[in-house]
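Basis for what follows: all heavy atoms, side chains included, without hydrogens, waters or symmetry-related copies.
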Amino acid sequence: MKTSIATVSLSGTLGEKLDAIAAAKFDAVEIFENDLVTFNGTPADGRNACRELGLDIVTLQPFRDFEGMPAGQRERAFARAERKFDTMQELGTDLLMICSNVSPESLGGIDRAAADLRELGERAARRGLRIAFEALAWGRHINDYRDAWEAVRRADHPAVGLVLDSFHILARGTDLSTIRSIPGDRIFLVQLADAPRLQMDYLSWSRHFRNFPGQGELPVLDFMRALQSTSYDDALSLEIFNDQFRAGSAHSVAIDGHRSLRFMMDQLGTSTLALPPRARAEGVSFIEFSADDQDAPRLEALLAGLGFRRAGQHRSKQVTRWTQGDINLVVNREKEGFAHSFNLVHGSAVCALGLAVGNAAQTFERATLLLDQPFHQAVGPGELDIPSVRGVGGSLIYFLDEASDLGRVWEIEFAPTGDTGNEAGLTRVDHISQSMQYDEMLSWLLFYTSLLDLDKVPPQEVADPGGLVRSQVIEAADGRVRFVLNASQSQRTQSSRFLSELFGSGVQHIALATHDLMATIAQLEKNGVRLLPIPENYYDDLEAKTDLSPDRLMALRAHNILYDREGDAEYLQVYTETFDQRFFFEIVQRIGYRGYGAVNAPVRLAAQARLSSPLPR
Ligand code: MG
Ligand code: MG
């Protein structure tokens with residue numbers, strides 16, 4: 001099927017929008033009339049711009065308040081339509097999209113609407129044009145696609161067809177089964193949008209909160225499955241009204257849009273691209289820090305304090321490998337290459353993640369087909385070319401597997417040091433938390449879930465002393481890979497301050513697992529690691545809320561441990577102090593617990609805010 005997007009979805013002038021749409025490899029575009037009105041050129045210029053970019057124009061939209069008008073206004077509506085037909089012919093599109101009438105003056109009745117559509121269809125056909133009718137969820141008389149279809153069916157004219165818009169249908173929760181009985185050739189256009197579930201009027205919800213399929217909570221796939229049985233095979237067009245998208249970069253929003261369509265068709269089994277399957281995320285192979293010569297010794301001292309052992313030295317680079325349990329942390333202090341350029345921009349921070357997947361080459365191929373950004377750099381002699389793509393904030397995600405030499409990266413690229421360490425019982429990476437700009441969140445959500453076999457859980461709002469932080473978990477079913485994405489619209493939250501410290505989005509904290517937090521803490525204390533102090537009040541509150549024994553409470557209090565319980569499951573957490581106000585480690589012990597201690601997050605955020613420098617302004 002042809003992929004398309006409505007110009008209304010993107011920021012910029014019509015020219016900028018079309019460039020972004022073509023660069024994102026769409027086949028076609030819906031021209032939103034306002035974009036044409038404000039365009040610095042004639043409709044014919046718009047037509048030429050599209051032709052040069054290789055974009056078909058699927059429709060001119062919207063045409064409003066047409067059907068069911070009383071005498072007098074009815075003639076004016078037809079005259080308006082004729083002028084649109086003129087524009088369409090100049091623009092080079094044969095389809096006018098009509099939204100159901102919202103005018104209080106309009107009259108109801110399917111037959112009246114059908115008669116109006118039929119007459120307009122007749123006029124369109126004389127010019128070789130067509131019209132398509134859409135039920136707006138807030139239409140005055142027609143607000144259900146089944147009524148719109150009935151009007152189109154009764155109009156009984158080859159130039160009159162139906163528009164199905166997933167938002168209008170799914171927002172109202174309309175039964176989808178009627179779609180299956182509509183002949184595919186009577187559907188002239190399909191518009192797609194997802195949205196979060198919100199309690200508000202349809203109009204505001206639609207105009208501000210639509211997002212790309214897979215980014216929201218509407219059953220867009222169910223809609224598509226119903227559509228599949230009609231054998232419709234024309235354009236799938238994204239029509240997204242979203243305040244963030246219209247304020248964002250047209251290029252990246254367009255790429256997100258096309259990625260969402262490709263991912264959706266892959267899920268439906270209708271993609272012609274033969275995408276390899278979503279990669280099974282089997283674990284975090286490594287986390288790489290870029291550090292300058294000043295920061296590297298302090299970072300390595302912190303890692304040693306956490307019980308890591310400097311296990312390997314890169315054979316040709318200033319790169320060290322630190323291990324404990326199944327965890328690998330890499331400290332890169334090279335003066336050239338990716339990590340160094342990252343360091344110049346962001347300072348010492350996590351510059352790359354290595355993910356263990358079933359098949360690294362296939363994962364990379366899938367990423368490329370999903371329009372993710374591949375990354376290549378020169379590989380020295382004896383080094384592995386590890387497939388990678390750009391991740392959050394200009395960082396990299398490397399893919400490693402056991403099937404190829406990539407599984408032997410430590411052996412191949414690193415010389416063992418024989419060093420020992422003060423092991424603290426850390427076993428694996430539990431989760432990685434990334435802070436980002438608020439408007440990037442939907443983008444990275446789609447990136448991770450389209451590429452990897454990870455699922456989203458409903459987002460949460462967490463209170464920070466500087467404002468609210470939105471927190472979105474993405475995790476593998478077996479918990480082997482877990483990401484927490486955080487963003488805030490306030491400039492004063494820890495999450496936002498991190499963005500300004502780092503000059504961008506990135507990894508703000510790494511949670512490491514232990515089977516015995518008390519034993520781990522004993523070792524960390526011996527190693528001189530400073531943990532985040534938790535206020536006494538937290539423990540008084542915990543005492544009031546739980547039936548923990550006095551001994552247990554005393555131990556939690558003595559060691560700054562945060563505690564959560566869900567049924568019989570328990571979660572214990574401590575945090576290191578923040579490294580240069582940039583990132584920190586969390587140590588967690590899960591006892592059958594599946595969450596992330598969201599109830600404790602405000603306590604942690606307040607404790608961190610107290611320790612950090614005064615809030616800006
Ligand atoms: Mg629509
Ligand atoms: Mg955490």
Side-chain angles (χ1 to χ4, degrees), residues 1-66 76-99 120-121 123-132 134 159 161 163 165 188-193 207 234-243 245-258 261 371:
M1 273 185 274
K2 200 165 20 177
T3 57
S4 168
I5 185 168
T7 54
V8 71
S9 315
L10 304 175
S11 66
T13 63
L14 182 60
E16 290 163 347
K17 292 174 191 226
L18 295 176
D19 284 345
I21 292 166
K25 303 186 171 144
F26 281 95
D27 303 316
V29 61
E30 280 182 52
I31 302 288
F32 200 71
E33 192 177 24
N34 251 6
D35 285 317
L36 201 55
V37 172
T38 58
F39 177 49
N40 185 22
T42 63
D45 294 333
R47 170 196 205 135
N48 290 334
C50 289
R51 185 187 295 148
E52 276 166 29
L53 292 166
L55 293 171
D56 288 351
I57 302 177
V58 295
T59 191
L60 175 69
Q61 68 121 323
F63 188 58
R64 299 184 199 276
D65 295 338
F66 167 69
R76 280 206 290 282
F78 277 89
R80 274 197 297 128
E82 292 285 357
R83 287 203 298 277
K84 297 296 171 225
F85 291 162
D86 296 340
T87 307
M88 286 161 62
Q89 287 181 310
E90 259 197 88
L91 186 61
T93 182
D94 76 335
L95 187 65
L96 180 67
M97 204 205 96
I98 303 173
C99 307
L120 191 61
R123 293 192 190 200
R126 270 182 234 140
R127 303 203 200 193
L129 304 177
R130 301 176 302 148
I131 61 172
E134 173 191 65
V163 180
D165 178 315
F188 284 2
L189 182 63
V190 170
Q191 294 181 317
L192 290 175
R207 288 280 164 81
D234 212 325
L236 289 181
S237 192
L238 298 164
E239 189 198 35
I240 316 294
F241 306 89
N242 181 300
D243 301 347
F245 292 5
R246 298 197 63 183
S249 138
H251 270 87
S252 51
V253 171
I255 286 181
D256 283 356
H258 202 171
L261 281 182
L371 308 172

Visitor: Check whether Phe66 forms a cation-pi arrangement with Arg80 (NZ or CZ under 6.0 Å from the six-membered ring centre, at most 45° off the ring normal).
Guide: no
Visitor: Is there side-chain contact between Leu91 and Ile31, with at least one heavy-atom pair below 4.5 Å?
Guide: yes
Visitor: According to the salt bridge (charged side-chain N to carboxylate O under 4.0 Å, His left out) rule, which pairs have a member within residues 50-63, sequence neighbours left out?
Guide: Lys2-Asp56
Visitor: Looking at every heavy atom in both Ser11 and Gly248, which two are closest together, and how far apart are they?
Guide: OG-O, 2.7 Å
Visitor: Looking at every heavy atom in both Ala125 and Ala159, which two are closest together, and how far apart are they?
Guide: CB-CB, 4.0 Å
Visitor: To the nearest 0.5 Å, what is the distance between CE on Met88 and CZ on Phe63?
Guide: 10.5 Å
Visitor: Measuring from atom CG of Leu371 to atom OG of Ser252, what distance do you get when rounded to the nearest 0.5 angstrom?
Guide: 12.5 Å
Visitor: First locate atom CZ of Phe32, then atom CG of Leu14, and finally report the distance between them rounded to the nearest 0.5 Å.
Guide: 12.5 Å
Visitor: Hey, what do you get for CG (Asp165) to CG (Leu192), rounding to the nearest 0.5 Å?
Guide: 8.0 Å
Visitor: With rounding to the nearest 0.5 angstrom, report the OG1 to CD distance, Thr59 to Gln191.
Guide: 8.0 Å
Visitor: Set out, in order, the CA-CA distance, both residues' side-chain angles and the distance that settles side chain to side chain contact (heavy atoms under 4.5 Å, CB included) for Leu55 and Ile21, then state yes or no.
Guide: CA-CA 8 Å; Leu55 293 171; Ile21 292 166; 4.0 Å; yes
Visitor: Sequence neighbours left out, what passes salt bridge (Lys or Arg N to Asp or Glu O under 4.0 Å) with Asp19? Give chain and number order.
Guide: none
Visitor: Can you name the closest pair of heavy atoms from Phe39 and Gly46 and give their distance?
Guide: CE2-N, 3.5 Å
Visitor: Taking only residues two or more places apart in sequence, or in another chain, which ones meet Arg76 in a side-chain contact (heavy atoms from CB on, under 4.5 Å)?
Guide: Gln73
Visitor: Quick check: do Asp234 and Val190 have side-chain heavy atoms less than 4.5 Å from each other?
Guide: no
Visitor: Applying side-chain contact (heavy atoms from CB on, under 4.5 Å), name anything that partners Glu16, two or more places apart in sequence or on another chain.
Guide: Thr13
Visitor: Side chains of Phe188 and Leu96: does their closest heavy-atom pair fall under 4.5 Å?
Guide: no
Visitor: Run the salt bridge (Lys or Arg N to Asp or Glu O under 4.0 Å) test against Asp45 and tell me which residues pass, sequence neighbours left out.
Guide: none
Visitor: Arg127: what forms a salt bridge (Lys or Arg N to Asp or Glu O under 4.0 Å) with it, not counting sequence neighbours?
Guide: Glu82, Asp86
Visitor: Looking only at heavy atoms, what is the nearest atom pair of Ala254 and Leu10, with distance?
Guide: N-CD2, 3.9 Å
Visitor: State, yes or no, whether a side-chain contact exists between Ile98 and Val163 at a heavy-atom distance under 4.5 Å.
Guide: no
Visitor: Only pairs at least two apart or in different chains count here, so list each salt bridge (charged side-chain N to carboxylate O under 4.0 Å, His left out) that has a residue in residues 30-39.
Guide: Lys17-Asp35, Glu33-Lys84
Visitor: Using the side-chain contact (heavy atoms from CB on, under 4.5 Å) criterion, which residues pair with Thr3? Sequence neighbours excluded.
Guide: Phe26, Asp27, His258, Leu261, Met265
Visitor: Which atoms form the tightest heavy-atom contact between Leu189 and Val58, and what is the distance?
Guide: CD1-CG2, 4.2 Å
Visitor: With sequence neighbours left out, what residues match Arg47 under side-chain hydrogen bond (donor to acceptor under 3.5 Å, both in side chains)?
Guide: none
Visitor: Are any side-chain N or O atoms of Ser9 and backbone N or O atoms of Ile5, one a donor and one an acceptor, separated by less than 3.5 Å?
Guide: no
Visitor: Can you sort out the partners of Glu239 under salt bridge (Lys or Arg N to Asp or Glu O under 4.0 Å), two or more places apart, ordered by chain and number?
Guide: Arg210
Visitor: Could you work out, with ring pair (Phe, Tyr, Trp, His ring centres under 6.0 Å) as the rule, every residue matching Phe245, not counting sequence neighbours?
Guide: Phe212
Visitor: Which value, rounded to the nearest 0.5 Å, describes the distance between Leu36 atom CG and Gln61 atom CD?
Guide: 12.0 Å
Visitor: Taking only residues two or more places apart in sequence or in another chain, which ones pass ring pair (Phe, Tyr, Trp, His ring centres under 6.0 Å) with His251?
Guide: none
